[in-house]
Amino acid sequence: MEPTEATFMTIVKTVFIIIFIIIPFMLGIFVNFSTKYRKAFFIVGKVVSILLTVFIVIFLTSVIFAADWSVFTQRPYILAWYACGLAIAFFPLSIFHFTTSKKTKKQRVCILTISFVTFFSILSGFEFLYNRAFGFIFQTERYELSINDFYANHPEADKNCDINVFASIQSGADEFTANISVYKDSIVLKKTEQNYIGNDKFETDSCYRNDLSPDLIQDIIEEITYYQPEIEYTWIADLCFHPSASIELADNKNARTIKLQLPNLDEFHPNAQRLAKKIKNLVKDSKIDPTKGCSN
């Protein structure tokens, strides 16, 4: 899902409203106020409204018949999407009918307002159902592993500390890893940062510091401990390389490990974005001095 999708979908909804609500309504107004060409406007309005209805029905039906039902697990969403689309299909005819009927100006405005709100609501439901019926799923993951799994994967981590946090965050070719070890009287950060400098070359920096704030680390630990997977649906996928993170917390006291896989950090999952940002800020604030190591 691109950052502009919300804007794009707003434009699409506006176009739909103009085509399926405003045009039939305006044709109905022309019928009411035209004396010389009333019959012509009535025929045109009726034909346009019918064609719009037929177009939607044909489009929906073609999608349903073209769909490979064997690969779709969200069949109830597909049927609900189809029913929602059929409801939209009859709006042009109903709007034109109510506008040309013998109603007062106040009644016509009331009908248009109600139709607009109803149509927009159904259109939003139509988008919602389409994303779940045919869209792509982007989901974060949370695992609970044994403590042995963590130290098997990270042999450099200190088993004598209370809590170990290992985070790897990647954005394009740039990547950094942070290993935070929490002891009774200190907190240690070991950081490695790899930046792409061009011509297939990378610059790697690393540092060490033991002056981190306990409150800041405790906040990150709580975020990891209580993080719940987030899921998002979108109608389109892209080939962009989105930032991602892999975060592990090893609690030596309780002998358990929590592992988080957080993809698409720039698009979805607000809780995952917040957690990754806190870790990223912690690492970025640890600036590297070639002679002194990390510094604030």
Side-chain angles (χ1 to χ4, degrees), residues 1-67 69 72 74-136 232-238 267:
M1 181 182 287
E2 292 301 317
T4 57
E5 183 179 338
T7 303
F8 176 76
M9 290 310 301
T10 301
I11 295 173
V12 170
K13 289 178 183 178
T14 303
V15 171
F16 269 57
I17 289 170
I18 292 173
I19 295 174
F20 297 107
I21 294 288
I22 304 300
I23 290 179
F25 178 76
M26 293 306 299
L27 290 172
I29 293 295
F30 291 151
V31 171
N32 287 337
F33 287 94
S34 177
T35 55
K36 188 176 180 180
Y37 302 104
R38 187 179 190 281
K39 188 173 182 180
F41 278 125
F42 182 83
I43 294 173
V44 171
K46 200 79 169 179
V47 170
V48 169
S49 300
I50 292 173
L51 287 177
L52 289 174
T53 297
V54 171
F55 170 78
I56 295 178
V57 172
I58 291 176
F59 169 75
L60 294 173
T61 305
S62 64
V63 172
I64 290 294
F65 279 102
W69 287 79
F72 288 115
Q74 307 292 342
R75 296 185 182 184
Y77 283 117
I78 296 178
L79 297 176
W81 171 80
Y82 184 73
C84 202
L86 290 180
I88 292 176
F90 291 100
F91 264 87
L93 271 175
S94 62
I95 289 293
F96 183 75
H97 170 74
F98 282 122
T99 308
T100 55
S101 62
K102 294 181 179 180
K103 303 286 184 183
T104 65
K105 183 178 180 180
K106 186 176 181 179
Q107 287 174 323
R108 283 198 294 268
V109 172
C110 183
I111 290 171
L112 178 64
T113 303
I114 294 173
S115 299
F116 176 85
V117 173
T118 305
F119 181 81
F120 190 82
S121 300
I122 295 176
L123 194 60
S124 298
F126 184 77
E127 178 192 357
F128 173 87
L129 292 168
Y130 179 84
N131 287 342
R132 279 150 182 75
F134 304 103
F136 299 89
E232 185 59 71
Y233 302 84
T234 178
W235 65 281
I236 189 170
D238 57 54
E267 303 297 339

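It should be emphasised that the depicted structure is a prediction, and the values quoted were computed from it without experimental measurement. Below, all heavy atoms of this structure are taken into account, side chains as well, without hydrogens, waters or symmetry copies.
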Just jot down the ring pair (Phe, Tyr, Trp, His ring centres under 6.0 Å) partners of F42, sequence neighbours excluded, or say none.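 For F42, the residues satisfying ring pair (Phe, Tyr, Trp, His ring centres under 6.0 Å) (neighbours in sequence not counted) are F96.
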
Applying ring pair (Phe, Tyr, Trp, His ring centres under 6.0 Å), can you list everything that pairs with F128, at least two apart in sequence or on another chain?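 Ring pair (Phe, Tyr, Trp, His ring centres under 6.0 Å) list for F128, sorted by chain: empty.
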
With sequence neighbours left out, what residues match F55 under side-chain contact (heavy atoms from CB on, under 4.5 Å)?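 Partners of F55 under the side-chain contact (heavy atoms from CB on, under 4.5 Å) test: none.
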
Using the test side-chain contact (heavy atoms from CB on, under 4.5 Å), find all partners of I114 that sit at least two apart in sequence or belong to another chain.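 Listed in chain order: C110, T118.
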
Those residues that, when tested against T61, pass side-chain hydrogen bond (donor to acceptor under 3.5 Å, both in side chains) (two or more places apart):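 Y82.
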
Residues which pass side-chain hydrogen bond (donor to acceptor under 3.5 Å, both in side chains) with S94, listed by chain and number, not counting sequence neighbours: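 Per chain and number, S94 pairs via side-chain hydrogen bond (donor to acceptor under 3.5 Å, both in side chains) with no residue.
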
Kindly give the heavy-atom pair with the smallest separation between [X] and [Y], and that separation in Å.
X   : Y    : value
C84 : L129 : CB-CD1, 4.1 Å
A89 : V57  : CB-CG2, 4.1 Å
I29 : T99  : N-CG2, 3.7 Å
P24 : L52  : CG-CD1, 4.4 Å
I78 : A133 : CG1-CB, 3.6 Å

Does any N or O in the side chain of T100 come within less than 3.5 Å of the main-chain N or O of G28, such that one atom is a donor and the other an acceptor?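 No.
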
Side chain proximity check, L27 to V31, heavy atoms < 4.5 angstrom: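 A side-chain contact is absent here, since even the closest heavy-atom pair is not under 4.5 Å.
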
With side chains defined as the heavy atoms from C-beta onward, is the minimum distance between W81 and F126 less than 4.5 Å?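 Result yes, sub-4.5 Å side-chain heavy-atom pair found.
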
Hey, what do you get for CZ (F16) to CD1 (I56), rounding to the nearest 0.5 Å?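 CD1 of I56 is found 7.0 Å from CZ of F16.
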
Rounded to the nearest 0.5 Å, what separates atom CG in L86 from atom OG1 in T53?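 The OG1 atom of T53 is 10.5 Å from CG of L86, to the nearest 0.5 Å.
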
Whether F41 and F30 hold their rings parallel, tilted or perpendicular, with breakpoints at 30° and 60°: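 If you compare the ring of F41 with that of F30, the planes turn out tilted.
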
Classify the angle between the aromatic ring planes of F119 and F91 as parallel (below 30°), tilted (30 to 60°) or perpendicular (above 60°).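 Perpendicular, since the angle between the ring planes exceeds 60°.
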
